[in-house]
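Scroll down for the structure; my scribbles are underneath it.
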Amino acid sequence: MAKYQTVMLDGSELSVKKAAAFINAGEVVGMPTETVYGLAADAFNEEAVAKIFAAKERPADNPLIVHISDLTMITGIAAELPQLAVTCAKRFWPGPLTMVLPKTPNVPFITSGGLDTVGVRMPSHPVARALIDAAGVPLAAPSANLSGSPSPTCAAHVLKDMNGRIPAIIDGGECDAGVESTVICFEEDGGSGKSAIKILRPGRITAQMLSEVTPHVLIDKGVLNAVENGAKVASPGMKYKHYAPKAKVTLVDGTAELFAEYVKAHAGQGTVCLVFRDTDIKGLPCIVIGDTAEEQAHRLFAALREADSMGAAEVFARCPTTDGVGLAVYNRLIRAAAFRVVKL
Ligand code: AMP
Ligand code: MG
């Protein structure tokens with residue numbers, strides 16, 4: 001699908017202007033954000049948004065997140081703003097939080113994946129914000145990977161997946177968070193009549209952080225579980241194969257000692273281990289993702305891509321905790337592993 005000579009731009013003002021000119025001409029640009037790289041186009045331009053779906057080979061019912069740089073932009077996008085949404089915006093924006101809200105007719109259905117709602121986020125990355133400002137329109141931007149592959153956390157990953165598919169990528173260095181934004185919606189908490197925040201996709205903004213805004217924080221069951229075939233889901237992205245390297249990934253849940261014992265008994269040619277520390281296992285090729293949930297989030301997708309470049313046939317990954325940002329790491333890894341978990 002080599003349609004473009006993809007150029008790599010730096011994060012300078014001049015480059016951002018060039019990228020904005022592509023956006024205003026109805027094209028798609030790779031942009032850095034504080035979570036992962038995005039594939040950005042004018043959220044109101046149906047033809048431009050169609051190019052995002054084509055470049056990613058993304059299913060049409062998987063909605064895109066609309067990125068804004070200023071709160072005043074939200075009025076053209078969201079038809080209603082519940083009080084809790086205003087509180088969350090004040091507290092967490094700019095930052096890695098996406099709020100699902102009723103959409104205005106301005107937002108084309110191609111952007112919202114056919115839904116009456118739209119996910120809105122105000123990123124904190126200075127280059128993403130400068131690009132939205134320079135383009136003068138909200139940007140629809142999913143992660144800049146081919147559909148199903150690990151999300152890109154540096155410009156080289158975007159180039160690997162998108163070379164020839166888009167005209168330009170802005171290189172803003174390595175992404176800070178490394179996992180995509182926390183996606184939330186608002187609903188009634190049981191029959192209590194109280195409005196609640198429901199986490200549809202975990203990220204850097206954790207359940208604990210959201211519970212400082214309201215005690216009513218729910219976690220959608222799709223966060224930890226596989227979605228059954230044909231089931232209606234709150235967040236359509238959850239039903240698709242995700243984040244997967246070419247290798248078969250298995251999560252192995254146990255202490256470092258038990259992990260090492262299990263992997264040694266099951267390793268074959270092409271086995272690679274995804275571990276927290278380089279002391280976790282000896283004598284097998286390893287990729288270290290770090291001890292803390294924040295480090296693990298930062299390195300996870302690069303590690304899954306590295307497994308591919310090592311030619312791994314099989315990856316045994318240590319199972320992260322589900323506390324704090326760990327829930328986001330676990331949510332991505334369990335999908336990369338197609339829900340294969342060995343409990344020791
Ligand atoms: P990505 O663009 O790759 O970060 O994926 C965006 C995620 O946000 C997907 O998992 C979508 O299902 C979710 N999302 C975006 N818009 C909505 C919406 N209107 N309702 C529910 N989930 C949404
Ligand atoms: Mg994605």
Side-chain angles (χ1 to χ4, degrees), residues 28 30-41 43 49 52-53 55-68 74 77-80 85 96-104 106-121 123 125 128 138-153 157-158 161-162 175 177-187 197-205 218-223 226-227 231-245 297 300-301 304-305 328 331-332 334-336:
V28 176
M31 80 168 171
T33 83
E34 71 277 20
T35 56
V36 301
Y37 274 72
L39 275 188
V49 172
I52 297 179
F53 281 92
K56 272 184 73 81
E57 298 177 22
R58 179 168 172 119
D61 68 348
N62 194 358
L64 308 182
I65 291 169
V66 174
H67 294 69
I68 58 175
I74 205 166
I77 300 166
E80 281 165 44
L97 180 73
T98 296
M99 299 196 265
V100 173
L101 298 163
K103 77 170 194 69
T104 65
N106 296 345
V107 179
F109 281 109
I110 186 168
T111 301
S112 70
L115 300 173
D116 294 325
T117 55
V118 59
V120 189
R121 170 156 103 89
H125 196 293
L139 300 181
S143 53
N145 51 286
L146 283 171
S147 202
S149 300
S151 299
T153 53
H157 296 165
V158 183
D161 283 17
M162 292 298 144
C175 298
V179 285
E180 304 86 342
S181 59
T182 305
V183 179
I184 60 170
C185 66
F186 302 96
E187 60 173 52
I197 294 175
K198 186 182 237 186
I199 298 179
L200 303 179
R201 177 176 72 182
R204 249 287 179 91
I205 306 293
L218 313 169
I219 297 183
D220 192 89
K221 69 178 192 317
V223 166
V227 172
K232 190 171 176 316
V233 286
S235 175
M238 288 193 294
K239 71 184 177 206
Y240 292 108
K241 174 177 166 248
H242 250 101
Y243 318 119
L300 177 68
F301 288 135
L304 293 174
R305 283 176 180 263
N331 169 269
R332 305 313 190 271
I334 198 159
R335 284 176 162 75

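Remember, it's 1-based here, ligands and their atoms both numbered in the order they're listed.
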Short list, please: which atoms of ligand 1 are under 4.0 Å from a heavy atom of [X]?
{"X": "Ser143", "answer": "1 (P), 2 (O), 3 (O)"}
{"X": "Arg58", "answer": "1 (P), 2 (O), 3 (O), 5 (O), 6 (C)"}
{"X": "Pro142", "answer": "2 (O)"}
{"X": "Ala234", "answer": "20 (N), 21 (C), 22 (N)"}
{"X": "Gly119", "answer": "16 (N), 19 (N)"}
{"X": "Leu115", "answer": "18 (C), 19 (N), 20 (N)"}
{"X": "Val118", "answer": "19 (N)"}
{"X": "Asn62", "answer": "9 (C), 11 (C), 12 (O)"}

Out of [options], which one pairs with [X] under the side-chain contact (heavy atoms from CB on, under 4.5 Å) rule?
{"X": "Asn145", "options": "Arg305, His157, Met162, Arg58", "result": "Arg305"}
{"X": "Phe109", "options": "Val49, Leu115, Asp116", "result": "Asp116"}
{"X": "Lys56", "options": "Asn62, Leu146, Leu39", "result": "Leu39"}
{"X": "Val36", "options": "Pro142, Ser143, Pro96", "result": "Ser143"}

(Q) Between Glu34 and Arg204, does any NZ, NE, NH1 or NH2 come within less than 4.0 Å of an OD or OE carboxylate oxygen? (A)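 No, this pair does not count.
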Q) Is there a donor in the side chain of Ser181 and an acceptor in the side chain of Thr98, or the other way round, less than 3.5 Å apart? A) yes
Q. Is it the case that Arg121 and Thr33 place a side-chain donor and acceptor less than 3.5 Å from each other?
A. yes
Q: Return yes if some donor-acceptor pair links the side-chain N/O of Ser112 with the main-chain N/O of Val118 below 3.5 Å, else return no.
A: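 Such a contact is absent between Ser112 side chain and Val118 backbone.
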Q.
So for ligand 1, is Glu180 a polar contact partner (N or O within less than 3.5 Å, distance only)?
A. no
Q) Do any N/O atoms on Lys56 end up under 3.5 angstrom from N/O atoms on ligand 1? A) no
Q. Taking non-hydrogen atoms only, is Arg201 closer than 4.0 angstrom to ligand 1 via side chain, backbone, both or neither?
A. side chain
Q. For ligand 1, is any non-hydrogen atom under 4.0 Å from Val100's backbone (N, CA, C, O), its side chain (CB onward), both, or neither?
A. side chain
Where is the nearest protein heavy atom to [atom]: which residue, which atom, and how far?
{"atom": "atom 13 (C) of ligand 1", "value": "Ser235 OG, 3.5 Å"}
{"atom": "atom 19 (N) of ligand 1", "value": "Thr117 OG1, 3.0 Å"}
{"atom": "atom 23 (C) of ligand 1", "value": "Pro63 CG, 3.6 Å"}

**Q.** Side chains of Thr182 and Pro202 in contact at under 4.5 Å (non-hydrogen atoms)
**A.**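 No, side chains not in contact.
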Q) Is the shortest heavy-atom distance from the side chain of Phe301 to the side chain of Pro152 under 4.5 Å? A) no
Q) Below 2.8 Å, any N, O or S contact between Ser147 and the Mg ion (ligand 2)? A)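 No, since none of the N, O or S atoms of Ser147 sits under 2.8 Å from the Mg ion (ligand 2).
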